[in-house]
There are 2 protein chains.
Amino acid sequence: MRRRATAKNVADAAGVSKWTVIRAFTPGASITEESKRRVLQAAAALNYSPNLLARSLATNLTHQVAVFVDDFANPQKLPFLETLTDRLQAEGLVAMLININNHFDHVRALLNADQRQVDAIIMFGTAFRSETLNDRRLGRSMPPMFVLARDSQIDGVPAVVCDAELALKEIVDHLYEKGYRRPGFMAGAPALSTALRRRHHFIDFWKQKGVDETAVISAERYSAQAGAESVRHYLQNTDAKDRVDVLMCENDILAIGALDEIRGQFGLRVPQDMAVIGFDNYELGGASVYGLSTYEQPKDEMVEVVIEMITGRLPPETVTLPGKLIVRNSA
Amino acid sequence: MRRRATAKNVADAAGVSKWTVIRAFTPGASITEESKRRVLQAAAALNYSPNLLARSLATNLTHQVAVFVDDFANPQKLPFLETLTDRLQAEGLVAMLININNHFDHVRALLNADQRQVDAIIMFGTAFRSETLNDRRLGRSMPPMFVLARDSQIDGVPAVVCDAELALKEIVDHLYEKGYRRPGFMAGAPALSTALRRRHHFIDFWKQKGVDETAVISAERYSAQAGAESVRHYLQNTDAKDRVDVLMCENDILAIGALDEIRGQFGLRVPQDMAVIGFDNYELGGASVYGLSTYEQPKDEMVEVVIEMITGRLPPETVTLPGKLIVRNSA
DNA sequence: CACGCGTTTGCACCCGGTAGCAAACACTTT
DNA sequence: AAAGTGTTTGCTACCGGGTGCAAACGCGTG
């Protein structure tokens with residue numbers, strides 16, 4: 001396997017100096033048409049293309065963005081990743097996908113991203129406490145960080161989120177209007193659940209409507225199975241007359257699991273016996289078996305805003321965007 | 001924002017040369033305990049960690065692997081990506097997620113990955129024709145490439161796949177035994193469909209059982225909606241007596257869409273009026289509303305084999321691994 | 001033909017590491 | 001004390017580009 005051609009090789013072939021070669025590849029550089037033509041011809045013959053590693057070292061720009069993800073159970077991540085990578089690539093950037101888990105925690109990921117000189121770090125649906133940044137292993141000058149699709153608890157790190165307050169207001173208004181009065185809320189992983197503030201606003205808006213009691217079901221994780229298990233546990237331990245009449249699930253995956261269990265295992269009718277509403281508008285929730293009412297996050301706009309911040313076209317300040325209530329027949 | 005400390009800075013602080021600093025960070029290098037201690041102390045004080053970019057330039061190893069993905073509709077990609085990133089990270093490698101689409105084709109992605117000096121390229125569920133490598137823009141010495149979860153049509157590029165022949169044999173045997181005799185097959189995107197060879201083997205094994213006629217429904221894409229639409233079209237244009245009695249869908253997402261339409265819109269019973277079987281064992285297929293029979297790919301083993309090839313512990317040769325039939329009640 | 005000015009080109013030095021050799025050092029051995 | 005051996009350390013050269021300045025060039029003008 002032959003080595004890649006370097007600027008020097010092309011320079012020799014074209015009979016110029018390596019700096020002229022570099023100029024031929026630098027848009028707007030001072031070079032005559034003639035030289036440029038000769039260089040490009042020699043470059044094509046040698047199959048030369050600049051080594052981006054060397055360029056990054058010299059310019060201090062890698063055009064790489066680390067994307068931290070810690071929850072692969074939510075299929076909604078996939079369309080987000082699709083849009084994100086597409087938009088990054090349109091800006092000449094590339095996504096380094098970092099899996100945050102028990103073997104690879106936030107500190108290690110930050111350290112690694114920093115060592116690799118990434119231009120920015122996007123925490124997509126994951127975040128850490130502000131004190132984590134004080135970890136002795138971490139340097140004082142990290143790449144710019146952004147939190148996507150969840151609140152930022154980190155000082156000076158902006159977040160781009162769907163407006164939870166507005167979303168839950170619209171949801172509760174809708175449910176109230178439909179006549180439901182005994183609300184329940186199913187939460188996923190405690191840390192993320194708190195950050196999303198969906199539960200908080202849900203309970204709050206019901207209180208504003210004079211409904212003080214909101215049942216809370218803890219699923220602990222975000223997965224259809226966890227949703228099914230926790231609702232099963234709830235139904236088994238709650239008298240029919242005491243049950244909630246509408247269950248809001250923190251995301252569609254929990255909702256789908258719960259809905260399936262409510263109908264399939266307990267034979268209850270949705271929405272008559274118990275209504276269900278989710279969050280995210282995951283494609284399958286729209287399937288006719290589910291007909292899941294839900295709330296859609298403004299994915300494209302959210303990604304767009306993060307990109308604008310990374311490229312510096314927008315100041316790095318937390319942005320809250322409105323989503324859209326999707327009413328189907330589950331609530 | 002202060003600059004990162006360099007080996008030189010640490011060397012000055014510790015009163016040694018920069019090479020001694022580097023030795024302190026090179027496992028097994030020749031250095032006295034005393035020097036190492038002083039260097040590490042100075043390094044900690046300055047928050048020094050080696051610049052991996054510079055290291056990569058010198059060693060010709062980036063410890064980065066490009067992962068090409070072109071279909072984000074299949075939620076099954078997510079658990080694969082989770083395992084893949086986790087295993088890569090365990091080897092000190094990191095995944096660059098490249099979205100192949102209309103704006104960013106294979107040639108551009110290859111060019112970019114090559115310029116960034118990645119150590120390897122994994123084509124996950126995507127591939128191109130062998131001739132693409134002859135594209136004039138591409139250099140002659142690309143990084144090692146591997147195709148994951150689909151056949152490789154590229155000369156000299158190994159694939160790691162689930163054994164389609166074995167899988168379809170098990171599926172057809174099972175369906176035959178259950179008494180089905182009028183099989184149908186729903187295919188997704190033509191290019192990928194051909195590569196997966198599921199249709200080919202499905203039709204083939206039915207012929208071996210004496211069933212020569214297999215209806216083929218083309219969904220054109222892989223999505224629940226495409227599955228629903230194509231089966232709707234099929235049912236609307238086929239007399240009840242002529243309909244297939246079992247429909248094998250190329251993946252679970254198509255199957256879920258189809259199943260939902262068959263039951264929800266046409267009021268048919270599954271499996272009595274028409275049985276359905278998918279492929280991939282996507283979590284939601286197991287929900288009680290669907291009870292989808294399917295076939296599970298050996299995800300962990302497949303990822304493991306790719307990793308072993310990338311790290312050179314296994315020769316780069318196509319590997320075919322057996323999966324597992326999952327019988328639920330849809331077929 | 002010399003001069004002046006704007007454009008092109010070449011150059012020294014830099015980015016932050018790594019490789020491999022040679023000098024410096026420590027410690028035996030004779 | 002000199003020689004021999006093994007370990008540490010420092011140095012030159014290099015990876016493949018980028019920056020900013022100065023020299024060289026081209027061309028119109030007096």
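So you know, we letter chains A, B, ... as the sequences are listed, proteins then strands, and number each from 1.
When atom types are taken as modelled, the side chain of Ser56(B) and the backbone of Leu52(B) share a donor-acceptor pair closer than 3.5 angstrom. In this structure, Asp151(A) contributes its side chain and Leu196(A) its backbone to no donor-acceptor pair below 3.5 Å. Formation of a donor-acceptor pair under 3.5 Å by the Thr194(A) side chain with backbone atoms of Pro190(A) is found in this model.
For residues 81-137 of chain B, every residue pair satisfying the ring pair (Phe, Tyr, Trp, His ring centres under 6.0 Å) rule, not counting sequence neighbours, is listed here: Phe80(B)-Phe124(B), His106(B)-Phe128(B). Applying the ring pair (Phe, Tyr, Trp, His ring centres under 6.0 Å) test to pairs two or more places apart or on separate chains, those with a residue in residues 6-56 of chain B are Phe25(B)-Tyr48(B).
Take Val305(A) and apply the side chain to side chain contact (heavy atoms under 4.5 Å, CB included) test, not counting sequence neighbours, and it matches Val160(A), Met309(A), Leu314(A), Val319(A), Leu321(A).
Using a 4.0 Å heavy-atom criterion, one finds that Ile31(B) contacts the sugar-phosphate atoms exclusively. Backbone-only contact: Ser35(B) has heavy atoms under 4.0 Å from sugar-phosphate atoms and none from a base. Counting non-hydrogen atoms under 4.0 angstrom, Ser30(A) reaches a base of the nucleic acid. Among the heavy atoms of the strands, none lies under 4.0 Å from Phe25(A).
Between Arg116(B) and Leu53(A) the shortest side-chain heavy-atom distance does not fall below 4.5 Å.
For the residue pair Asp119(B) and Thr62(B), a side-chain donor N or O sits within less than 3.5 Å of a side-chain acceptor on the partner.
Rounded to whole Å, the distance from CG on Leu53(B) to C1' on dG17(D) is 11 Å. Arg55(A) has its CZ atom 8 Å from the C1' atom of dG17(D), to the nearest Å. Rounded to whole angstrom, the span from the NZ atom of Lys8(A) across to the P atom of dG18(D) amounts to 16 Å. Rounded to whole Å, the distance from CG on Asn60(A) to C1' on dG16(D) is 16 Å.
One N or O donor and one acceptor, one from the side chain of Lys18(A) and one from the base of dG17(D), sit under 3.5 Å apart.
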Write down the protein N/O and nucleotide N/O pairs, taken from nucleotides 19-27 of chain D, whose separation is under 3.5 Å; answer none if there are no such pairs.
residue: dT19(D); atom: O4; partner: Trp19(A); partner atom: NE1; Å: 3.0

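Comment: Arg37(A) does not engage Glu33(A) in a salt bridge, judged by the lack of any side-chain N to carboxylate O separation of less than 4.0 angstrom. Checked for salt-bridge contact, Arg313(B) and Glu91(B) meet the test: a charged N lies under 4.0 Å from a carboxylate O. Residues Arg4(B) and Asp114(A) are paired through a salt bridge, judged by an N-O separation under 4.0 Å between the basic side chain and the carboxylate.
Taking side-chain N and O atoms only, Thr20(B) has a distance below 4.0 Å to OP1 or OP2 of dG10(D). Between Ser17(B) and dG10(D), a side-chain N or O to OP1/OP2 separation shorter than 4.0 Å is present.
Chain A approaches DNA chain C within less than 4.0 angstrom (heavy atoms of the protein), and the contacting nucleotides run 5' to 3' from dT8(C) to dG16(C).
Axis angle across the helix from dC1(C)-dG30(D) to dT30(C)-dA1(D), with five pairs used at each end and values rounded to 10°: 60°.
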